[in-house]
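All values reported here derive from a predicted model rather than from experimental measurement. Residue numbers start at 1 and run along the sequence shown.
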Amino acid sequence: MIGDDGELYSVGGSILSMHQEQLDLVVVNMAKGRGRAHQLPQSIYKVGRYPGFELTRMFRYPKGTLQIEQREHSILVTCGPNYTVECFDNHEWHLQVSSGDGLYSADLWHRPQGNPLWYGRETPSALTQHSITYGYNWAGPTDGVMCYEGKTIKLRGFGIRERYVAVDSSAAELGAWEDWGFLAFDDLHCSLYDMRYGMKDLSVYDAVTGKHYPEGKLTIEHEDWAFLRELDGFIPTKYHITIELEDGVLQLEAQVCNATTWGVTHKVPDSPVATLTFEHLTGKLTLNDGTIRTLSGGRGSMSVRQWHAYPNILPRELYTDEQLAGEKFQTL
């Protein structure tokens, strides 16, 4: 989202109920600014230099802290003093998150467009024999205000919300690589999920024609890889996405401007996960009759999960900016 100060912000929050651990978790985070991938001197490698999170907080509460209240025209979900979301029967969401110490809070409205990307709605998706999931992603315009360090900032942009239920999961079994996120334009948006060796789901909504495409052939190409030190792994910094639909072909290109890592341990995870924020998102829809619609107002983000962290046998310059003196190529 863009603030009235001209800055790019990513505002997020989530709640997670963990039955086995008897815990309810709240995660509140905010990212600010843009970065880029930097070519290391005298090296084939690039390093991602992104601002990452400006603020992140995790709160652990005893199971049962998460409360659900049925109201006349909405459902109110709360988890301690840090997270409140009210889900209205017109599909709008009112989200309020707080760091709890007066440093940060956000009050946002999410108004989804078109149709959600469902997975496992009628029949839960069996990613593996024991990993069962169902839920949805739903993209739409988002606006509201954020207070940070005593300053109030008005926000306007686009966002995605997700409801997700999973019974066990193994990133290695799920298959090497996952992409899931949204890409939105002024007159079209899409949510997508791509498991490299498993299922692919997508949902494209054309606001001009009002048509919903719940399926199609999805192809994602990743380019310009850079090492992200916070992740201990590489990320793609450029996406080429092609979706073959019933009425034409949708072609999208996106450039990463920020990358944030996430998980529940605040350490480099066994299966690295990062959320990539896009800028310079362009697209066109070529219809079957040859008509080309150029899309405008592009924005979006993508979360990526790799099945394992890269081993620490990579060149030293990936981890430090210190330049070594002397002969570059030495024998053992």
How about [X] and [Y]: do any of their side-chain heavy atoms sit closer than 4.5 Å?
X      : Y      : value
Tyr136 : Arg161 : yes
Thr84  : Leu95  : no
Leu188 : Leu250 : yes
Thr260 : Asn29  : no
Leu25  : Ile15  : no
Asn82  : Val97  : no
Ser191 : Ile160 : yes
Arg36  : Cys257 : no

Applying side chain to side chain contact (heavy atoms under 4.5 Å, CB included), run through His222 and Tyr239 and close with a yes or a no. CA-CA 5 Å; His222 308 90; Tyr239 275 74; 3.5 Å; yes

Side-chain ([X]) to main-chain ([Y]) donor-acceptor, under 3.5 angstrom:
X      : Y      : value
Gln113 : His189 : no
Asn288 : Glu246 : yes
His212 : Gly114 : no
Thr237 : Trp225 : no
Asp24  : Gly64  : yes
Ser98  : Ser105 : no

Looking only at heavy atoms, which two atoms of [X] and [Y] are closest? And how far apart?
X      : Y      : answer
Val256 : Asn258 : CG1-O, 3.4 Å
Pro112 : His110 : CD-O, 3.6 Å
Phe59  : Ser99  : CZ-O, 3.3 Å
Lys46  : Ala37  : CD-CB, 4.3 Å
Ala259 : Leu276 : CB-CD2, 3.8 Å
Ala184 : Phe158 : CB-CE2, 3.2 Å

Verify the cluster assignment for [X] and [Y]: are they in a single hydrophobic cluster under the rule of side-chain heavy atoms below 4.5 Å apart?
X      : Y      : result
Phe53  : Val304 : no
Tyr205 : Phe182 : no
Trp109 : Tyr83  : no
Ile235 : Tyr45  : yes
Leu103 : Val28  : yes

Looking only at side chains, do [X] and [Y] share a donor and an acceptor under 3.5 Å apart?
X      : Y      : value
Asn115 : Ser203 : no
Glu54  : Tyr148 : yes
His73  : Asn90  : no

Rounded at 0.5 Å granularity, tell me how far [atom1] in [X] sits from [atom2] in [Y].
X      : Y      : atom1 : atom2 : answer
Ser10  : Met30  : OG    : CE    : 10.0 Å
Met1   : Tyr9   : CE    : OH    : 10.5 Å
Glu7   : Ile2   : CD    : CD1   : 8.0 Å
Glu162 : Ser14  : CD    : OG    : 9.5 Å
Ile220 : Leu218 : CD1   : CG    : 4.5 Å
Leu285 : Leu245 : CG    : CG    : 7.0 Å

All pairs passing salt bridge (Lys or Arg N to Asp or Glu O under 4.0 Å) where residues 74-95 contributes a residue, at least two apart: Arg71-Glu86, Glu92-Arg111

Charged N to carboxylate O below 4.0 Å: is that the case for [X] and [Y]?
X      : Y      : result
Asp101 : Arg57  : yes
Lys238 : Glu253 : no
Asp187 : Arg293 : yes
Lys200 : Asp194 : yes
Arg299 : Asp186 : yes

Are more than 12 heavy atoms from other residues, nucleotides or ligands located less than 6.0 Å from atom [atom1] of [X]?
X      : atom1 : answer
Glu223 : CD    : yes
Glu69  : CD    : yes
Lys154 : NZ    : no

Do the rings of Phe234 and Phe227 sit parallel, tilted or perpendicular, given the 30° and 60° boundaries?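 The rings of Phe234 and Phe227 stand perpendicular, inter-plane angle above 60°.
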
Please work out which of the three classes, parallel, tilted or perpendicular, describes the rings of His91 and Trp138, given edges at 30° and 60°. tilted

Ile241 and its side chain to side chain contact (heavy atoms under 4.5 Å, CB included) partner, picked from Thr219, Leu252, Leu202: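 Of the listed residues Thr219, Leu252, Leu202, the side chain to side chain contact (heavy atoms under 4.5 Å, CB included) partner of Ile241 is Leu252.
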
For Ser301 and Thr275, what are the C-alpha separation, side-chain angles and deciding distance, and is it a side-chain hydrogen bond (donor to acceptor under 3.5 Å, both in side chains)? CA-CA 7 Å; Ser301 67; Thr275 295; over 6 Å; no

Suppose we screen for side chain to side chain donor-acceptor pair (under 3.5 Å). Which residues come up paired with Thr65, at least two apart in sequence or across chains?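 If we apply the side chain to side chain donor-acceptor pair (under 3.5 Å) test to Thr65, skipping adjacent residues, there are no hits.
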
Checking Thr242 against Val249 for the side chain to side chain contact (heavy atoms under 4.5 Å, CB included) test, could you report, in this order, the C-alpha distance in whole Å, the side-chain angles of both residues, the deciding distance, and whether it holds? CA-CA 7 Å; Thr242 301; Val249 178; 3.8 Å; yes

Taking it one step at a time, do Leu76 and Ile68 satisfy side chain to side chain contact (heavy atoms under 4.5 Å, CB included)? CA-CA 6 Å; Leu76 181 69; Ile68 301 175; over 6 Å; no

Before you tell me yes or no, could you show the steps for Leu281 and Leu183 under side chain to side chain contact (heavy atoms under 4.5 Å, CB included), namely the whole-Å CA-CA distance, both residues' side-chain angles and the distance that decides it to 0.1 Å? CA-CA 8 Å; Leu281 177 60; Leu183 301 102; 3.5 Å; yes

